[in-house]
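Throughout, protein chains are lettered first and strands after them, A, B, ... in sequence-line order, and every chain is numbered starting at 1.
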Amino acid sequence: MRDVKAPLQAALRQALHSLGIEAPGPIPVDLAPKGKPGDYGSPIAFQLARKLKKSPVEIASALRDSLPEIPGVREVHAVGGFLNFTFDPAYLVTAASEPPSPNPKRGEKVLIEHTSVNPNKELHVGHLRNVALGDAMARILDFAGHPVEVINYIDDTGLQAAETLFALDHYRLEDSGGEKFDHFAGKAYVRLHKDLEDESVRSALGPKIREVVKRLEQGELREAVARILDAQLETMWALGASYDALVWESDIVREGLLQKALDALAKTPYVRRMDEGKYRGAIVFDTSEFIPGLEDPYLVLVRSDGTATYTAKDIAFQLWKMGVLEGLRFKPYTRQPSGKTLYTSAPDGEPMAFGGAKRTVNVIDVRQSYPQAVLKAALKALGRDDLAEGHVHLAYETVLLEGRPLSGRKGHVVSVDELLEEATRRAREVIAEKNPDHPDPELAARQVGLGAVRFAMVKTEPRRQIDFRWQAVLSFEGDAAPYLQYAHARAASILRKAKAEGLDWQQGADPTLATPHEVALAKAMLGFSEAVEKSASEHTPHLLANHLLDLAAVWNAYYNAKENGRPATPVLGAPPGLRELRLKLVESLKETLRIGLTLLGVPAPEVM
RNA sequence: GCGCCCGUAGCUCAGUAGGAUAGAGCGAGCGCCUCCUAAGCGCUAGGUCGCAGGUUCGAAUCCUGCCGGGCGCACCA
């Protein structure tokens, strides 16, 4: 898809240059508002007014006179200081008739860590936001041209995993195979926590649980953890996620990365063992130079009993991600539904080209902003300000369920498996009602169910708390994935019919026949690449999600456009020349929607 | 208390590297299937952009203060 804004910016820059003015930064160009002349416009003259001590109107008019020829631009208007451009309709429609394509791969690899669910329980709606955001970001960054590597971190030495494994053993629970194992294990965990509310039980079981933590750190219980992880992976894959590698926390420890990280930090002036005070005997990191405003800037890396905190391991992991430390080995773990092989860190593996990225995106909820800031501080403490710059914490707010915080103990949770099943069931019902002759209702139901669930997680800005409400998520009307999918299916239907009629629209399109309806659609389509790039650079899929909603709305309006009570934009029934033009545009629109949906992990059904 | 984030239509949200009359969806009211899928489209009603100052030719967007709400301030993560 051709970029129509870049040539405008280039021309403006050139005009400025010929007037002896250097543009201060990027030159703003946007769609002209409704009711104003031109298709695109720039307020550049306003920005220069003060510096040049001239009125915007004067500057705009001088600029207009100095502009070079711009391909496709028919007229340039200076309107009250704005500089607007009217394109040849044929040019815009032709530009939009070419679907978007991925940017060629360029630059340094971006390592994105997401999911990283404790291997002790089934996934719930809170985890869902992480997977949906992380997977969408990976797809978007990839499309935008970045080499991307996706890591799922397995916190197998944490207390949570230990408690679940302990509970399974303690209650002598044998799974009969009737239940997905992560759900089964999760129940043991919940039961244990109920029992731990009793003080005497807690003091009796505490040492035994710590024993399990120790065994986990030795890597002894890896298979037991893997059994839970494998069940969780089923859910992650069902969501459409895919990973390059699993990195196990126990491997960070066993391969010596933790020790290397601690050794390196110990050589800096910021890390030392405390001789007195509340941290006596612990090794702490004084972050005050890097994180201002803290009452207590000391972060414990190694407890006085000699055990390392999670944050210490996370620092080691971050240093590995950025190539400061090396030493993890990998081997194939399994083949994913995406077709990609999933690798795992393993002591009996081989060195592989994972890690060593200059830029990392850590998808993790906002409550962990402080430990994430500590990772950045650790990089700076080691003198790697360059890498600290490349550390991005994609901090997303938590998910509420029907207005209240999630709570496993109060049973106020919804598992992802349950959610997908329910969404699919609802979709099945709607399809049976709306399209009883559907050729493959089960496929469409799964596509619509999954789409609704994933889209609900990415359409809102990450830093905003979202309230998961069954009624809204399962509503297949309005501002939601089914709206986009329906728009896509409508376009697909037209193309299917055209093919059935034996039409060939690759030739014979006459772009000079384009009406304002096609131009409006084309302009909406031409905003796609910018939306993707902005989503990539700002690390948020919601910009793309909102662009797609806008695009689908324009397309639906096009589809329904009427003049004098008659359909104004028939595609198949249009006269030759215009018909082919419309078919090409519809084909490109369909492809644009399909790509956009795919980048968000939302399936694009051919028939709904 | 200190720090970070959020206050935009009845509800849920876009819009914030300053730009042209603040936009959607849901909900309310009225219309549109002899026309390529009505999961759609059109129209109407609904907003002192939390409040008060400030900077600017121009502020929902930047600065300051205040008022609401969320989160974080453990030898947890």
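- Side-chain N/O atoms of A:Y559 include none lying less than 4.0 angstrom from OP1 or OP2 on B:C32.
- Heavy atoms of A:T398 sit nowhere under 4.0 angstrom from any nucleic acid atom.
- Contact of A:T309 with B:C75 (side chain to base): no donor-acceptor pair of N or O atoms is detected under 3.5 Å.
- Using a 4.0 Å heavy-atom distance criterion, A:R280 is classed as a base contact.
- Between the C1' atoms of B:U8 and B:A60, the separation comes to 7 Å (whole Å).
- Between A:Y279 and B:C75, a side-chain N or O to OP1/OP2 separation shorter than 4.0 Å is present.
- Among the atoms of the strands shown, none is found under 4.0 Å from any heavy atom of A:V284.
- For B:A20, its base sits under 3.5 Å from the side chain of A:N84 at one donor and acceptor pair at least.
- A:R463 has a side-chain polar atom (N or O) that falls below the 4.0 Å cut-off from OP1 or OP2 of B:C6.
- When the nearest nucleotides of RNA chain B are assigned to A:Y370 and A:D296 by heavy-atom distance, the more 5′-ward of the two goes with A:D296.
- In this model, the phosphate group of B:G7 is approached by a side-chain N or O of A:R464 to a distance below 4.0 Å at OP1 or OP2.
- Side-chain nitrogen and oxygen atoms of A:R579 include none within less than 4.0 Å of the OP1 or OP2 phosphate oxygen of B:C36.
- When heavy atoms are screened at a 4.0 angstrom cut-off, A:F46 is found touching base atoms of the nucleic acid.
- Side-chain atoms of A:E295 and base atoms of B:G1 include a donor and an acceptor less than 3.5 Å apart.
- Residue contacts shown for A:R496 are absent, as no nucleic acid heavy atom lies under 4.0 Å away.
- Between A:H542 and B:C13 there is no side-chain polar atom (N or O) within less than 4.0 angstrom of OP1 or OP2.
- A:R490 forms a cation-pi arrangement with A:Y559, by the criterion of a distance under 6.0 Å to the ring centre and an angle within 45° of the ring axis.
- For the pair A:K313 and A:F317, the NZ or CZ position fails the cation-pi test of under 6.0 Å to the six-membered ring centre and within 45 degrees of the ring normal.
- The nearest whole Å value for the distance from the CG atom in A:L294 to the P atom in B:G1 is 18 Å.
- Taking atom C1' on both nucleotides, B:G29 is separated from B:C66 by 41 Å, rounded to a whole Å.
- Contact annotation: A:K497 side-chain N/O to B:C36 OP1/OP2 distance is not under 4.0 Å.
- The listed nucleotides are B:A77, B:C75, B:A14; the one nearest the side chain of A:D155 is B:A77.
- For A:R367 and B:G70, the shortest distance from a side-chain N or O to OP1 or OP2 is not below 4.0 Å.
- Separation of the A:F46 and A:F82 ring centroids falls under the 6.0 Å cut-off.
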